[in-house]
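One is the number of the first residue; the rest follow in order along the sequence.
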Amino acid sequence: MSRIPLDRRYAQAVFAIALEEGALEEWRVELERSADYLSDDQTNVFLRSPKVSFERKLELLRLVLGDVRENVFNLAGLIVKNEALHVLDGVVTEYQKLLDNLQGREQVEITTAIELEDSQKTRLQEQLKGLFGKEIVLNTTVREDILGGILIRVGDMIIDGTVKGRLAVLKQRVLATPS
């Protein structure tokens, strides 16, 4: 049995198909849309129900997914058949990683206590581009509980320059200091 997580295996398979079709961006959009539709609570309950036949589930998929390409519909059907709806968001995430890697992009999560101005975002993008050597796509979030500063997440790497983070480190040092 392969040790590659199921969401990554699905993403690699559909990425190869999308690459062959020359429709990488179209697939990304349709995968995201499918994941959004299928994450609806009522739809999810219906698709997970053992009392509902697979044929009825496919009918709902056709209705909900509408005009997605046939291969995206087939993927959704396979995921439902394998009772693996829980991996669909992961498939979208892994697909995006593969696409970003191919196109030389890096997704960066930025968390600040207040909204960044456009000039600050641009300066941050340029600094990160110099650091990583890739085009940077900023995804910003505002969370007042960090008090100030910035939290940067790039893949598995976290750079914590928040006031909350600095206070936590200070607290650890104070508590670790013998009296």
Side-chain angles (χ1 to χ4, degrees), residues 2-16 18-19 22-41 43-44 68 72 75-76 79 84-179:
S2 176
R3 299 190 78 97
I4 298 174
L6 188 58
D7 54 359
R8 188 173 304 152
R9 280 190 279 158
Y10 279 127
Q12 289 171 340
V14 297
F15 188 80
L19 189 59
L24 291 166
E25 188 60 26
E26 293 86 349
W27 267 84
R28 184 194 62 76
V29 169
E30 290 183 14
L31 286 171
E32 283 181 358
R33 196 172 71 199
S34 298
D36 286 345
Y37 289 152
L38 298 183
S39 68
D40 173 74
D41 289 339
T43 302
N44 212 286
V68 297
V72 173
L75 172 67
I79 286 173
L85 275 172
H86 61 281
V87 303
L88 196 50
D89 285 335
V91 172
V92 173
T93 300
E94 291 298 322
Y95 184 92
Q96 183 66 56
K97 287 178 185 177
L98 291 167
L99 184 58
D100 287 340
N101 189 46
L102 179 72
Q103 296 177 340
R105 284 190 309 237
E106 190 71 54
Q107 298 284 329
V108 178
E109 304 294 327
I110 302 293
T111 305
T112 55
I114 59 171
E115 185 70 36
L116 292 176
E117 295 176 8
D118 288 341
S119 61
Q120 293 170 313
K121 289 178 186 178
T122 301
R123 191 169 57 242
L124 189 55
Q125 266 181 314
E126 289 303 316
Q127 290 172 338
L128 292 169
K129 182 178 182 178
L131 186 63
F132 292 102
K134 293 183 177 183
E135 177 189 340
I136 300 298
V137 178
L138 291 182
N139 301 299
T140 60
T141 305
V142 174
R143 280 190 25 220
E144 293 177 2
D145 67 314
I146 66 170
L147 305 175
I150 188 167
L151 180 69
I152 302 172
R153 184 181 313 259
V154 182
D156 294 335
M157 182 176 62
I158 297 174
I159 302 169
D160 188 348
T162 64
V163 172
K164 184 178 181 178
R166 290 178 187 166
L167 288 173
V169 169
L170 182 61
K171 179 180 177 182
Q172 286 176 340
R173 286 183 184 160
V174 168
L175 292 176
T177 305
S179 302

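- Using a distance-only test at 3.5 Å, with no hydrogens or angles considered, no donor-acceptor pair links the side chain of E135 to the main chain of G104.
- Between V163 and G149, the shortest heavy-atom contact is CG2-N, 4.4 Å.
- Residues L85 and N44 form a side-chain contact, since some pair of their non-hydrogen atoms from C-beta on lies under 4.5 Å apart.
- Within the 4.5 Å cutoff, side-chain heavy atoms of L31 are placed close to those of L75.
- At most 12 heavy atoms of other shown residues, nucleotides or ligands fall within 6.0 angstrom of atom CG in D41.
- For R153, the CZ atom is loosely surrounded, since the number of other residues' heavy atoms within 6.0 Å does not exceed 12.
- A distance of 13.0 Å separates OG1 of T122 from CD1 of I136, quoted to the nearest 0.5 Å.
- Annotation: side chain of L124 is in contact with side chain of I150 (closest heavy-atom distance under 4.5 Å).
- Taking CG from N139 and CD from Q107, the interatomic distance works out to 5.0 Å, rounded to the nearest 0.5 Å.
- Residues L19 and L102 have side chains in contact (heavy-atom distance under 4.5 Å, counting atoms from C-beta outward).
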Next item on the list: Using the side chain to side chain contact (heavy atoms under 4.5 Å, CB included) rule, take E106 and L128 through it: C-alpha gap first, then chi angles, then the decisive distance, then the call.
Entry: CA-CA 9 Å; E106 190 71 54; L128 292 169; over 6 Å; no

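- At a threshold of 4.5 Å between non-hydrogen side-chain atoms, the residues L167 and L147 count as touching.
- The shortest distance between side-chain heavy atoms of N101 and K134 falls below 4.5 Å.
- For the atom pair R28 CZ and L98 CG, the distance stands at 13.5 Å (nearest 0.5 Å).
- A pairwise comparison of heavy atoms in A84 and L6 identifies CB-CD2, 4.0 Å as the closest pair.
- Rounded to the nearest 0.5 Å, atoms CD1 (I159) and OG1 (T162) are 12.5 Å apart.
- Under the 3.5 Å distance criterion, the side-chain polar atoms of Y95 are left unmatched by any main-chain donor or acceptor of Y10.
- What you find for L88 and A35 is that their closest heavy atoms are CD2-CA, 3.7 Å.
- Contact of the E117 side chain with the R123 side chain is not registered, since no non-hydrogen atoms from C-beta on lie closer than 4.5 Å.
- Annotation for I114: atom CD1 does not count as buried by contact number, only 12 or fewer foreign heavy atoms lying within 6.0 Å.
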Next item on the list: Let me see the working for L38 and I79 under side chain to side chain contact (heavy atoms under 4.5 Å, CB included), right down to the final yes or no.
Entry: CA-CA 11 Å; L38 298 183; I79 286 173; over 6 Å; no

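- In this structure, CD in E94 is found 12.0 Å from CZ in R9, a value given to the nearest 0.5 Å.
- Of the charged side-chain nitrogens involved, at least one lies within less than 4.0 Å of a carboxylate oxygen, so that K121 and E115 count as a salt-bridged pair.
- L99 places a side-chain heavy atom less than 4.5 Å from the side chain of E25.
- How far CD of Q120 is from OG1 of T112: 8.5 Å, rounded to the nearest 0.5 Å.
- Salt-bridge check for E126 with K129: failed, with every basic side-chain N at 4.0 Å or more from each acidic carboxylate O.
- The shortest non-hydrogen separation linking A113 to G148 is CB-N, 3.7 Å.
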